[in-house]
Amino acid sequence: ALISYLLTRLSLKTAGDALHWMIGSLSASTWDRAAVLACALAVLIPLLGLLAPRLRILQLGDDTATSLGLDVPRTRTSLVLVAVALCALTVAVTGPLSFVAFLAGPIAQRLAGRPSFPLSAVVGAVIVLLADIAGQNLFGDTQLPAGVVTGALGAPFLMWMLTRSSTSGSGR
């Protein structure tokens, strides 16, 4: 409600720009923004690479991870900080792109046969790129933001996942 109220108080152009960002779009991307994002990724991706193997140890439970020498609270805090920074930078540049992370992880897991952070990142990038290309070219004179396309793909995928998990009895 607050966001809707604030949008009504803005000039028409500013409100349109804000709404376009809220949907999620690559149309406002520039090389300057890409350079800032690349610099941040140059720092954050190596940090994530150092932290990712510790996730397997964390899956064993806190007691086991601690007995294996892992500082569980520090590892969790570090993982959350890196993940939040990566998400915040991406959303700052593109806006919130619906369902990308939701689609990328399961697709990557099906391709690799196991969870894979690098493959999930590549699949997520490909989804965004294809969604942007589809939104710009598949609908004639109408150009759709990438967030509309990812939302249109993600919502049915979510429904399929929910119906599949409730009927399979696996509980996942």
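Looking at every heavy atom in both residues, Gly105 comes nearest to Ser120 through CA-OG, 3.8 Å. Heavy atoms only, all atoms of each residue included: Pro156 and Gly151 are closest at CD-O, 4.4 Å. Of all the heavy atoms in Val93 and Arg33, the pair that sits closest is O-NH1, 3.8 Å. Here the closest heavy-atom approach between residue Leu89 and residue Ala40 is recorded as CD1-CB, 3.2 Å. Minimum interatomic distance between Leu7 and Met22 (heavy atoms only, all atoms of both residues): CD1-SD, 4.3 Å. Contact record, Leu44 with Ala85: CD1-CB, 3.8 Å, taken as the closest heavy-atom pair.
For Thr150 (side chain) and Ser98 (main-chain N/O), a donor-acceptor pair under 3.5 Å exists by modelled atom type. Under the 3.5 Å distance criterion, the side-chain polar atoms of Ser67 are matched with a main-chain donor or acceptor of Thr64.
By the criterion of side-chain heavy atoms lying less than 4.5 angstrom apart, applied directly or through intervening Ile, Leu, Val, Met, Phe, Trp or Tyr residues, Leu58 is grouped together with Leu68 in one hydrophobic cluster. Tracing side-chain contacts under 4.5 Å through hydrophobic residues (I, L, V, M, F, W, Y), one never reaches Leu129 starting from Ile23; they form parts of separate clusters. Hydrophobic clustering (side-chain heavy atoms under 4.5 Å, transitive across Ile, Leu, Val, Met, Phe, Trp, Tyr) groups Phe99 together with Leu162. When the side chains of ILVMFWY residues are joined at heavy-atom separations under 4.5 Å, either directly or via intervening members, Leu41 and Val43 end up in a single hydrophobic cluster. Taking hydrophobic clusters as Ile, Leu, Val, Met, Phe, Trp and Tyr residues chained together by side-chain heavy-atom distances below 4.5 Å, Leu138 shares a cluster with Leu144.
Atom CD1 of Ile3 is surrounded by 12 or fewer heavy atoms from other residues, nucleotides or ligands within 6.0 Å. Atom CH2 of Trp31 is surrounded by 12 or fewer heavy atoms from other residues, nucleotides or ligands within 6.0 Å. The local environment of CZ in Phe102 is crowded, with over 12 non-hydrogen atoms from other residues, nucleotides or ligands closer than 6.0 Å. Around the CG atom of Asn137, the shell of radius 6.0 Å holds more than 12 heavy atoms that belong to other residues, nucleotides or ligands.
In this structure, Leu47 and Leu81 have side chains that are not in contact, with every pair of non-hydrogen atoms separated by 4.5 Å or more. The side-chain heavy atoms of Phe157 and Met161, taken from C-beta on, include a pair separated by under 4.5 Å. Annotation: side chain of Val82 is in contact with side chain of Leu86 (closest heavy-atom distance under 4.5 Å). Considering only heavy atoms from C-beta on, Thr75 stays 4.5 Å or farther from Ile57 through its side chain.
Separation of atoms CG (Leu119) and CZ (Arg114) is listed at 9.0 Å; rounding is to 0.5 Å. The CZ atom of Arg76 sits 13.5 Å away from atom CG of Leu51, with the distance rounded to the nearest 0.5 Å.
Just one residue in the list Leu79, Asp71, Leu70 forms a side-chain contact (heavy atoms from CB on, under 4.5 Å) with Arg54, and that residue is Leu70.
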